[in-house]
Amino acid sequence: MPVTFELNGRSTTVDVSPETPLLWVLRDTLNLTGTKYGCGIAACGACTVHIDGEAARSCVYPISSVSAKRVTTIEGLSMDRSHPVQEAWIEAQAPQCGYCQSGQIMTAVAFLKKTPSPTPQQVDAAMSDNICRCGTAQRIRKAVLHASELMQAQGGAR
Amino acid sequence: MSESIDRKTSRIELVSRRGFLGNAFGAGAFVLGAGILPVNALAKGAASLNTTADTKPIAAATWHPSIFIGVETDGTVRIIAHRSEMGTGIRTTLPMVVADEMEADWSSVKVQQGFGDKAYGSQDTDGSESITDFYDTMRTAGATARLMLVRAAAAKWGVPSGDCTAQSHFVVHQSGKKLGYGELAALAAQQPLPKPEEVVLKNPSQFRYIGKGVPIVDLNDIVTGRGVFGMDIAVPGMVYASIERPPVLGGTVRSLDDSAAQKTAGVGGVYTIPTFTAPHGFKPLGGVAVIADNTWAATKARKALKIEWDNGPHAIFDSEVNKKQMMETSRKPQKVARKVGNVDAEFAKGGGKVIESQYYTPLLAHVPMEPPVATAYYKNGKVEVWSSTQNPQEVQNSVAAFVGVKPEDVTCHVTLLGGGFGRKSKPDYASEAAYLSKQIGKPVKVVWSREDDIHFDYFHTTSAMYFKAKLDDAGKPEAWLQRSVFPTISTLGDPNAEYGRSELDMGFTDVPFHLTNHQVENGPAKAHVRIGWLRSVANVYHAFGVQSFVDELAHAAGRDPIDYTLEILGPDRTIDLESEHTEYENYGKPLKQFPLDTSRLRGVIEAVRTKSNYAQRKAALAKGRALGFAAHRSFLTYVAVITEVEVDPQGKLTIHRMDLAADCGQVIHPDRVLAQFEGAAVFGVSLALYGEITASDGRIKQSNFNTYKVARITDSPRVTHVYLVPNGGAATGVGEPGVPPVAPSITNAIFAATGKRIRELPVSKAKLA
């Protein structure tokens with residue numbers, strides 16, 4: 001059964017087995033490998049994408065339920081790294097190995113849309129859905145708070 | 001490492017562009033290789049290094065190139081990163097060192113990942129030694145290139161080379177005329193190789209990047225999702241494999257019914273991988289592989305396999321039973337690894353205050369965020385592998401042995417690693433991919449699920465430790481006995497090995513206290529799972545045992561733990577284990593060059609005490625809060641930690657603040673060094689609070705992040721401060737040494753807050769309320 005959805009602003013149709021998680025469709029079928037596999041049970045956040053603007057764990061999201069929805073992956077955020085969250089990540093030099101960072105960034109973007117001026121405690125609560133085994137927590141906390149400032153300066157969320 | 005020694009051990013040679021570098025560089029490139037003597041040759045001492053003419057026996061035959069620089073005619077400088085990037089920043093830092101010495105402009109440098117080739121020297125990115133082993137070599141390589149470029153310009157202008165200098169990608173004559181590196185590339189390639197004594201390294205005041213740092217080269221790719229990890233490899237015609245491995249180590253397939261799996265959509269076959277013959281080493285575990293046209297189909301079809309296993313002897317493994325046996329072993333006299341004075345006689349005298357304590361730490365899994373993954377293509381007796389590996393040459397060796405080709409017929413492309421922590425030093429997963437590709441005739445990508453990763457890890461070992469000390473009236477230890485019992489990493493090569501060797505030298509034989517009667521012992525333990533090394537290795541459990549025991553003694557003596565530690569550390573000195581006749585590996589480095597220097601341990605302890613305002617904070621702690629302390633040397637680096645915790649009335653633990661002081665010698669890339677210690681704090685929190693692998697019937701009980709928890713941002717210290725203690729000495733490790741003192745600093749803080757002594761990790765098993 002073909003499934004049609006909007007992916008990073010473009011209408012996309014795939015024909016795969018309907019229970020296939022969105023993660024593997026992105027990675028194996030569509031060659032969008034920025035979204036990572038980390039656990040397959042929505043426990044680590046490495047596969048975080050936006051579905052209709054909300055952060056979602058693509059590893060447990062069957063492709064059949066993506067039909068007609070709007071999906072944004074890290075590749076759709078901005079390829080010129082101009083999104084304020086990307087800018088803040090670069091300024092903080094947050095990544096170490098980098099594997100979890102797509103998911104971290106996608107979680108942060110969705111969070112800041114809802115909570116444009118978070119407290120550090122709110123940042124921690126939101127980012128606790130994502131695991132970084134390298135231990136970049138302190139830089140991530142700093143980057144999210146800084147991204148919030150950048151977005152305020154630029155006149156609101158993107 | 002002093003420059004004089006290094007200069008005699010490095011050799012620069014021009015290498016053929018068409019040699020093993022293949023097509024890494026464009027036409028017209030000027031390519032330079034640097035060499036380093038193996039570490040064991042350095043250990044032979046400076047005397048044998050005084051003559052380095054190529055005719056001498058230790059010279060040419062044992063020297064081999066280790067890094068390459070290419071200057072292209074458009075001015076692009078390509079620098080090979082030959083070590084693996086798993087998050088330390090080494091892929092940026094080593095090339096940055098080359099660029100600095102070469103006076104290359106970093107914006108015109110392109111870093112290229114070297115594939116596996118023994119010509120580079122060791123590529124085993126492990127043991128926190130990339131900088132220690134290659135810093136001087138990189139500098140010499142860069143400086144040699146700089147000199148050749150200067151000479152090329154001088155020759156072209158017909159002026160003395162002494163009138164020319166290299167400045168940010170140009171050679172400039174004192175008259176003001178200048179030529180770019182690109183314009184000079186072809187001429188430089190014709191320059192004779194300078195003699196080692198002609199190569200002059202920069203004065204540190206001239207450094208552009210060393211000691212300052214540059215953003216990691218992969219930063220933009222990472223934040224845009226373009227970084228290529230092993231998981232992201234796709235090659236034309238590739239199929240995907242998911243493997244059901246024997247649940248018990250050494251198990252074999254008794255019967256297989258793959259009819260349902262074969263019928264699953266997208267499945268292209270089911271193949272059996274033979275169980276290893278002992279020793280297991282880095283060989284695949286064996287099992288049954290399902291091949292499909294995407295990862296999900298392979299994973300799903302695998303669940304439809306019906307397999308009966310013959311489990312073999314390790315089915316008896318029960319981690320609780322094992323723990324009891326190890327604890328019992330640790331209470332009895334064992335093999336002596338270090339002996340100072342006579343502990344037995346001192347204890348026999350009686351008197352004093354005798355303190356005994358036992359500690360236990362469980363098996364741990366590495367769980368890098370990217371599980372093991374490899375893609376391989378076997379074709380006409382040659383194999384191409386793409387993998388996240390810490391050791392591409394071991395990929396060559398292991399794959400070659402497993403599929404019956406020569407190591408040089410295996411090409412290993414190294415991707416970015418989504419974490420490593422020691423797991424990706426063991427390329428069993430690459431051999432699986434190569435084996436399956438040979439069976440199928442197509443490129444095969446083997447993807448480990450998180451469950452596979454946890455069930456079939458090379459686990460960090462479990463340990464039982466016993467300590468006994470007798471304190472005099474002032475609280476000073478008159479006798480100190482310590483035992484460690486753990487299944488050893490040596491079982492990789494000898495499944496029957498029961499005693500450790502390298503492990504003992506990681507925080508146990510090298511206990512630095514000034515003790516008149518001191519004995520270190522090691523008791524036997526059997527391994528029933530694959531044992532490997534994890535970030536900071538045996539230092540994890542030994543630092544936990546030793547630093548917890550010191551805290552117990554301080555408490556018994558009624559002293560502040562930091563004051564007490566400094567007191568028993570004794571006068572500043574280097575501990576001469578050689579003259580004690582104590583076997584000690586010192587992380588593979590000579591003690592003369594990297595001594596056990598108690599003044600440096602004292603230095604970091606005093607630094608963290610002062611910088612964290614320990615005394616003032618300790619005197620004014622809020623209710624439920626307390627400070628804990630630990631200090632430890634590992635990988636030649638000295639680290640001291642003070643942690644502030646809060647335990648609320650319900651027993652909930654919060655880590656408010658962690659202060660780490662580190663003396664790692666010269667700091668090459670400050671921001672990445674800080675990042676390593678910040679990360680070590682979180683890694684230490686994970687293993688202190690949550691890390692525990694258990695087994696029954698030989699099977700691992702944990703399977704994913706829901707049952708094997710690691711620290712999240714909410715568990716991490718609210719604030720981490722890192723202080724780098726200035727030291728002009730050689731750069732030493734930073735990837736691992738931050739980890740060991742973290743756990744005991746937390747448990748010691750918990751004791752200070754609650755009076756509850758944590759003698760077994762993880763903390764989550766204890767009731768703190």
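Lettering of chains follows the sequences in order, A, B, ..., and the numbering in each one begins at 1.
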Colleague: Just wondering, are more than 12 heavy atoms of other shown residues or ligands nearer than 6.0 Å to NZ in B:K442?
Modeller: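 Counting other residues, nucleotides and ligands, NZ of B:K442 stays at 12 neighbours or fewer.
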Colleague: Only counting residues at least two apart or in another chain, list the ones meeting ring-ring contact (aromatic ring centres under 6.0 Å, His included) with B:F683.
Modeller: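 For B:F683 the ring-ring contact (aromatic ring centres under 6.0 Å, His included) partners, ignoring immediate neighbours, are B:F421.
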Colleague: Which residue out of A:A43, A:G38, A:S102 racks up the most heavy-atom pairs below 4.5 Å with chain B?
Modeller: A:G38
Colleague: Out of A:N31, A:D28, A:T20, which one racks up the most heavy-atom pairs below 4.5 Å with chain B?
Modeller: A:D28
Colleague: Report the residues that fulfil ring-ring contact (aromatic ring centres under 6.0 Å, His included) with B:Y429, sequence neighbours left out, ordered by chain and then residue number.
Modeller: none
Colleague: Less than 4.5 Å to any heavy atom of chain A: does that hold for the side chain of B:L417, its backbone, both, or neither?
Modeller: backbone
Colleague: Show, in sequence, the C-alpha distance, side-chain angles and deciding distance for A:R27 and B:T295, and conclude whether the side chain to side chain contact (heavy atoms under 4.5 Å, CB included) test is met.
Modeller: CA-CA 9 Å; A:R27 294 183 53 81; B:T295 313; over 6 Å; no
Colleague: Might you point out which heavy atoms bring A:R139 and B:E678 nearest each other, and give the distance in Å?
Modeller: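 Closest pair (atom of A:R139, atom of B:E678, distance): NE-OE1, 2.8 Å.
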Colleague: With side chains defined as the heavy atoms from C-beta onward, is the minimum distance between A:Y99 and B:P368 less than 4.5 Å?
Modeller: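 No, every pair of side-chain atoms sits at 4.5 Å or beyond.
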Colleague: Looking at every non-hydrogen atom in both residues, tell me the closest pair between B:V223 and A:P95 and how far apart they are.
Modeller: CG1-CG, 4.5 Å
Colleague: Closest approach of B:T224 and A:Q86, non-hydrogen atoms and distance?
Modeller: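 Taking B:T224 first and A:Q86 second, the nearest heavy atoms are CG2-NE2, 3.7 Å.
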Colleague: Under a 4.5 Å heavy-atom cutoff, which of B:R226, B:R535, B:E451 has the most pairs with chain A?
Modeller: B:R226
Colleague: What do you reckon, is NZ of A:K114 surrounded by more than 12 foreign heavy atoms closer than 6.0 Å?
Modeller: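 No.
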Colleague: Would you give the length of the straight line joining atom CG of B:D715 to atom OG of A:S128, rounded to the nearest 0.5 angstrom?
Modeller: 8.5 Å
Colleague: Quick one: does any side-chain atom of A:Q101 pair with a main-chain N or O of B:I222 as donor and acceptor, under 3.5 Å?
Modeller: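 Here the side-chain-to-backbone pair does not exist.
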Colleague: Side chain, backbone, both or neither: which part of B:P215 has an atom under 4.5 Å from a heavy atom of chain A?
Modeller: both
Colleague: Distance check, rounded to the nearest 0.5 Å: B:N220 atom CG versus A:I90 atom CD1?
Modeller: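 Result: 4.5 Å between the selected atoms.
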Colleague: Return the CD1 to CE distance between B:I713 and A:M127, rounded to the nearest 0.5 Å.
Modeller: 6.5 Å
Colleague: Answer yes or no: is there an ion pair linking A:D129 with B:R712, defined by an N-O contact shorter than 4.0 Å?
Modeller: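 Salt bridge flag = no for B:R712 with A:D129.
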Colleague: If we count only N and O atoms by modelled type, under 3.5 Å, do the side chains of B:T714 and A:D124 hold a donor and an acceptor together?
Modeller: no
Colleague: For the residue pair A:C97 and B:G419, what are the closest heavy atoms and their distance?
Modeller: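 The answer is SG-N, 3.3 Å.
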Colleague: How long is the span from the CZ atom in B:F705 to the CZ atom in A:R133, to the nearest 0.5 Å?
Modeller: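 If we round to the nearest 0.5 Å, B:F705:CZ and A:R133:CZ are 7.5 Å apart.
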Colleague: Between atom CG of B:D453 and atom SG of A:C39, what is the distance when rounded to the nearest 0.5 Å?
Modeller: 11.5 Å
Colleague: Mind ranking B:M231, B:R91, B:Q676 by heavy-atom pairs under 4.5 Å with chain A and telling me who comes out on top?
Modeller: B:M231
Colleague: Which atoms of A:S17 come close to chain B, meaning under 4.5 Å heavy atom to heavy atom: side chain ones, backbone ones, both, or neither?
Modeller: side chain
Colleague: Starting at CE of B:M369, measure out to OH of A:Y37 and round the result to the nearest 0.5 Å.
Modeller: 10.0 Å
Colleague: Quick check for you: among A:E19, A:Q121, A:E75, A:Q104, which has the greatest number of heavy-atom pairs under 4.5 Å with chain B?
Modeller: A:E19
Colleague: What are the two closest heavy atoms between B:V214 and A:Q93, and how far apart are they?
Modeller: O-OE1, 4.4 Å
Colleague: Counting heavy-atom pairs closer than 4.5 Å to chain A, which one of B:V710, B:D293, B:N704, B:V228 comes out on top?
Modeller: B:N704
Colleague: I need the residue from B:G227, B:S716, B:A675 with the largest number of non-hydrogen atom pairs under 4.5 Å to chain A.
Modeller: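 If we count pairs closer than 4.5 Å to chain A, B:A675 comes out on top.
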Colleague: Which answer fits B:L674, side chain, backbone, both or neither, if we ask what part of it has an atom under 4.5 Å from a heavy atom of chain A?
Modeller: both
Colleague: Find the one option among A:V16, A:T136, A:I41, A:I140 whose heavy-atom pairs under 4.5 Å with chain B are most numerous.
Modeller: A:I41
Colleague: As an exercise: rank B:L219, B:V685, B:V719, B:N294 by heavy-atom pairs under 4.5 Å with chain A and give me the winner.
Modeller: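 That would be B:L219.
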